[in-house]
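Inspection log for the structure reproduced underneath, given as structure tokens.
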Amino acid sequence: MTRRPYIVGNWKMHGTRAMLSEARAIDRAAQRHMKVEVAIAPPYTLIHPIHREAEQIAVGAQDCHHEDGGAHTGDISGAMVADAGASFVILGHSERRTGHGESDALVRAKAGAAFAAGLRVILCCGESAATRESGKAVAFIKRQLKASLPAADQLPADIADRLTIAYEPIWAIGTGTPATADDIAEMHGVIRALLIDLLGAEQGAEVRILYGGSVKPDNAAAIFAVSEVGGALVGGASLTADSFMGIALAASEPFDG
Ligand code: PGA
């Protein structure tokens with residue numbers, strides 16, 4: 001089965017209630033692009049207001065704690081974001097790994113908790129510029145992904161529906177310059193092979209692999225044409241309905257992935 005392209009907006013720490021009109025516009029446009037699965041991950045504070053109104057798009061969180069509840073001031077659990085209307089959570093984004101010191105082991109624990117809370121997970125991986133320059137990007141991504149994913153026997157049976165991988169090279173995030181088609185093809189191929197190794201041929205082939213890092217309406221079609229690209233995780237360009245849905249439109253064209 002070929003899954004629909006998956007276009008996910010990561011709003012990061014952007015958005016107050018003034019942004020609800022943009023979410024509405026994205027939702028309306030998504031109803032005209034049913035060949036594409038469109039979702040947004042706003043800040044926690046907007047999950048419920050967007051979920052309450054959305055008719056087409058899925059709403060997700062950008063992180064969650066690895067425990068269900070307890071004495072963790074300022075933290076939010078997977079069960080809580082699910083209760084607010086989130087159906088998925090982004091985990092292991094490089095801005096969490098570097099800005100909050102999140103280790104692979106912590107990301108793995110969070111993924112386990114998110115699955116247990118019934119959420120779908122978008123698990124991010126990505127190498128730094130220094131790692132790429134040293135020629136170790138492939139080895140790094142394999143190690144990071146393997147260590148960030150719960151062990152196979154801890155994963156839900158419907159893992160191909162519940163898990164999405166996002167490859168986001170750190171050097172391409174927010175820079176305006178995405179990775180080249182060759183770099184994306186190489187890394188997505190590596191990730192696909194690893195997924196098949198870890199999850200078996202059937203499930204491993206089904207999990208979508210998104211590319212993220214400076215995806216814009218004018219470069220999206222070229223990125224979506226790359227083998228094994230199942231959609232995009234979009235930061236800056238997801239903040240307006242016009243640019244975000246320009247990307248979704250590019251994904252509704254003939255699609256390989
Ligand atoms: P960008 O961010 O599209 O602004 O580069 C992508 C991301 O960090 O998810």
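Start at 1 and go down the list; that is how both ligands and their atoms are numbered.
For the salt bridge (charged side-chain N to carboxylate O under 4.0 Å, His left out) with Glu127, the qualifying choice from Arg143, Arg97, Lys136, Arg132 is Arg132, the only one to do so.
Atoms of ligand 1 lying under 4.0 Å from at least one heavy atom of Ser214, given by number and element, are 1 (P), 3 (O), 5 (O). Ligand 1 places these atoms under 4.0 Å from at least one heavy atom of Glu168: 6 (C), 7 (C), 8 (O), 9 (O). Set against the non-hydrogen atoms of Asn10, the atoms of ligand 1 under 4.0 Å away are 9 (O).
When side chains are defined from C-beta on, Ser148 counts as touching Leu123, because their heavy atoms get closer than 4.5 Å. By the 4.5 Å heavy-atom criterion applied to side chains, Ile7 and Phe224 are counted as neighbours.
Heavy-atom proximity to atom 2 (O) of ligand 1, evaluated over Lys216, His93, Lys12, is greatest for Lys12. Residue nearest to atom 4 (O) of ligand 1, selected from Ser238, Ala166, Gly236: Gly236 (by heavy-atom distance).
Judged by the 6.0 Å and 45° rule, Arg120 forms a cation-pi pair with Tyr6.
Here the protein heavy atom with the shortest distance to atom 3 (O) of ligand 1 is Gly235 N, 2.8 Å.
Classification of the His188-Tyr167 ring pair by plane angle, with boundaries at 30° and 60°, yields perpendicular.
Both the backbone and the side chain of Ile173 come within 4.0 Å of ligand 1, counting heavy atoms alone.
Applying the ring pair (Phe, Tyr, Trp, His ring centres under 6.0 Å) rule to pairs touching residues 11-46 yields nothing, sequence neighbours excluded.
For the ligand labelled ligand 1, residue Gly213 lies inside the 4.0 Å heavy-atom shell.
In terms of polar-atom proximity, Gly174 is counted as a contact of ligand 1, with an N or O under 3.5 Å from an N or O of the ligand.
With sequence neighbours excluded, no residue forms a side chain to side chain donor-acceptor pair (under 3.5 Å) with Gln154.
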